[in-house]
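In what follows, every chain begins at residue 1, and chains take the letters A, B, ... in the order their sequences are listed.
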There are 2 protein chains.
Amino acid sequence: MIRRLPQARDRGIPEATVARLPLYLRALTGMTERGVATVSSEDLAEAAGVNSAKLRKDLSHLGSYGTRGVGYDVEYLIYQISRELGLTQDWAVAIVGVGNLGRALANYGGFVSRGFRVAALLDSDPDVVGDRIAGLNVEHIDELETVIARRGVSIVVIATPAAAAQQVCDRVTAAGVTSILNFAPVVLSVPDGVDVRKVDLSIELQILAFHEQRKADRESGGPVMAEEWQRGESA
Amino acid sequence: MIRRLPQARDRGIPEATVARLPLYLRALTGMTERGVATVSSEDLAEAAGVNSAKLRKDLSHLGSYGTRGVGYDVEYLIYQISRELGLTQDWAVAIVGVGNLGRALANYGGFVSRGFRVAALLDSDPDVVGDRIAGLNVEHIDELETVIARRGVSIVVIATPAAAAQQVCDRVTAAGVTSILNFAPVVLSVPDGVDVRKVDLSIELQILAFHEQRKADRESGGPVMAEEWQRGESA
DNA sequence: CTCACTTTGTGCATCTGTTCACAAAGGGAT
DNA sequence: ATCCCTTTGTGAACAGATGCACAAAGTGAG
């Protein structure tokens, strides 16, 4: 039986915490730019849009980096979170699919700012290959494996149409990539050990629609009962 | 005390379930296009990339729409999920900020396909105002309130630079919008009753980097045990 | 009708995440 | 040094989500 010590410095950081660390990092970066040297959990939590107990518990998973009665040193905390997230090293990212979205991503400043470097843009469309976007030459998808190997690409962003995504995914995983950010609206199947994160614009809208509908229902005198539909004769 | 009946048709659908319904919907749509009339929880779960017990529990929150020994009627289930998500009605969406990302969103087919209609594109840049994108005229941000009111916009997508986002947010909430999809890398503060969903490209990358780093650590000689760090003399 | 087989819907145990509330720790004033 | 004030770090209660495993419900063959 694996006994998990309840120590800090335990390397098992909860997934929910990991997802919030970038948020704290951004808030802290803003503060350091405004010359703030020290921040309390209360203030940082407010800036990040979470409650302060949660913030403190999250940070406690990294170690004990605050000073009671005072708060956290902004610079130091930035460094600790960056290190934990692996942002002190430089990640080479390839973007596959240079349509509207791929272009937007290539030009997105937020990528470059924090340890990420767009190392390649790839597409299959001959009209697009050769274009210069965000200072990079768009290369043909045939070069995928070569580019990944030569430039040490470890994260691939898939911004292709849905139909091409699985195929691209298969090729990049075969080439040894184990981290994929997928914008195509499909469920990718990948070998064990490969992480896929998905960003799906239409899913987000659908979730909003759900809540919006519910708000509307509540205002206009309750749910529209009994639009009951006879079961069976649909098809 | 409010006694919540453990019945199906209970309108309290868990958030986690709501977030998966669009996934099921997409899988089902694919099936109906391939002429599949009936599907088991096992197969649908596989297509959506979840486990089958979870799928069944999720669907059971909508009601009891399956047939034991047979499975679910694809068309009927599509209808039920669509209705629950509010996709049987037509949602007018306005996109504020017509940079690379805004353009990508305006052209994204997935929006239109399911009940969402891009009703307006707005920007503050005079060079962009007047452009025709995805069949729409880009309008000046000054028209924001008018456009929202006239076209019945109920969901606003913010795709502006970070610096402009809160201001746009304030204006659209003042105009009565209660659902916002935010792509700008800032924490928006909104009045009670307003739903904000956030899509943040760089956060997703940072989460991937964290896991990637961890995988790298593990391979290069196991967890770096006893990198124990003496507490206190850091900083 | 009865039996064998399939697949749903759900009670229950478990795990993960959130929030409360407070003791412990540090700072600064006197 | 002592006292008071602030703020962290965390135990414990609670809440929410997941997954197992099985009874209940349906189909179809004989």
Side-chain angles (χ1 to χ4, degrees), chain A residues 1-21 23-24 28 36-74 76-77 80-81 207 231-232, chain B residues 2 4-10 12-21 23-24 28 36-74 76-77 80-81 207 231-235:
Chain A
M1 190 215 213
I2 298 172
R3 213 39 186 71
R4 180 83 79 74
L5 301 179
Q7 292 284 348
R9 296 308 307 157
D10 177 359
R11 272 333 184 74
I13 298 179
E15 199 51 39
T17 295
V18 173
R20 281 187 297 264
L21 290 179
L23 226 57
Y24 304 152
L28 288 165
V36 178
T38 279
V39 68
S40 70
S41 64
E42 200 66 52
D43 291 351
L44 181 51
E46 157 127 37
V50 303
N51 102 13
S52 69
K54 183 148 60 178
L55 172 80
R56 287 198 299 277
K57 187 149 284 188
D58 283 344
L59 294 184
S60 78
H61 287 113
L62 313 190
S64 188
Y65 297 138
T67 307
R68 294 172 194 228
V70 175
Y72 300 88
D73 180 280
V74 175
Y76 185 56
L77 197 50
Q80 289 300 343
I81 295 178
I207 296 171
R231 176 65 209 299
Chain B
I2 297 172
R4 179 81 79 72
L5 300 179
Q7 293 284 349
R9 297 309 309 158
D10 178 359
I13 298 179
E15 200 49 40
T17 295
V18 173
R20 282 187 296 265
L21 290 178
L23 226 58
Y24 305 151
L28 287 163
V36 178
T38 277
V39 67
S40 69
S41 62
E42 200 67 52
D43 291 352
L44 180 52
E46 156 127 38
V50 302
N51 105 12
S52 68
K54 184 149 54 180
L55 172 79
R56 288 198 298 278
K57 189 153 287 187
D58 283 343
L59 295 184
S60 78
H61 286 112
L62 312 191
S64 189
Y65 297 139
T67 308
R68 295 173 193 225
V70 176
Y72 300 89
D73 181 281
V74 175
Y76 184 59
L77 197 49
Q80 289 299 343
I81 295 178
I207 296 171
R231 176 65 211 301
E233 56 228 64
S234 34

Self-check item: Per A:S64 side chain, nearest of listed nucleotides D:dG9, D:dT18, C:dT10
Solution: D:dG9

Practice problem: Provide, to the nearest angstrom, the distance between the CG atom belonging to A:L44 and the C1' atom belonging to D:dT8. | Solution: 13 Å

Practice problem: To the nearest Å, give me how far apart CD (A:E15) and P (C:dC15) are. | Solution: 18 Å

Quiz item: In terms of side-chain heavy atoms of A:K57, which of C:dC20, D:dA17, D:dA12 is nearest?
Solution: D:dA12

Quiz item: More 5' along DNA chain D: A:V70 or A:A53, using each one's nearest nucleotide?
Solution: A:V70

Quiz item: Which nucleotide in the list D:dG26, C:dT19, C:dT10 gets nearest to the side chain of B:S60?
Solution: C:dT10

Quiz item: For A:R20 and C:dT16, what is the distance between atoms CZ and C1' respectively, to the nearest whole Å?
Solution: 11 Å

Exercise. Take atom CG of A:L59 and atom P of D:dT10, then tell me their distance rounded to the nearest Å.
Key: 11 Å

Self-check item: CG-CG distance between A:L62 and A:L21, expressed to the nearest 0.5 angstrom
Solution: 5.5 Å

Quiz item: A:L77 has an atom CG; how far is it from atom C1' of D:dT7, in whole Å?
Solution: 15 Å

Exercise. Would you kindly give the CD1-to-P distance between A:I13 and C:dT16, to the nearest whole Å?
Key: 15 Å

Quiz prompt | Listed nucleotide nearest any side-chain atom of A:R68, set C:dG26, C:dG17, C:dT7 | solution = C:dG26

Self-check item: Closest approach of B:T38 to B:V74 (non-hydrogen atoms, all atoms of both residues)
Solution: N-CG2, 3.7 Å

Exercise. Quickly work out the B:E42 CD to C:dT6 C1' distance and round it to whole Å.
Key: 12 Å

Quiz item: Could you go step by step and tell me if B:Y72 and B:Y65 meet the ring-ring contact (aromatic ring centres under 6.0 Å, His included) rule?
Solution: CA-CA 7 Å; B:Y72 300 89; B:Y65 297 139; 8.8 Å; no

Exercise. Answer yes or no: is there a side-chain heavy-atom contact under 4.5 Å between B:E46 and B:E42?
Key: no

Quiz item: Counting side-chain heavy atoms from C-beta on, which of C:dG9, C:dC20, D:dT8 comes nearest to B:Y72?
Solution: C:dG9

Exercise. Using heavy atoms to find the nearest nucleotide of DNA chain C for A:T67 and A:A16 separately, return the residue whose nucleotide is more 5′.
Key: A:A16

Quiz item: Nearest of C:dT8, D:dT8, D:dT27 to any side-chain atom of A:R56?
Solution: D:dT8

Quiz item: Which listed nucleotide (C:dT19, D:dA17, D:dT27) is nearest to the side chain of A:K54?
Solution: C:dT19

Self-check item: Distance, rounded to the nearest Å, where B:Y65 contributes OH and C:dT7 contributes P
Solution: 22 Å

Exercise. Would you please confirm or rule out a distance under 4.0 Å between OP1 or OP2 of C:dT8 and any side-chain N or O of B:S41?
Key: yes

Quiz prompt | B:L59 side, atom CG; B:R20 side, atom CZ - distance, nearest 0.5 Å | solution = 10.0 Å

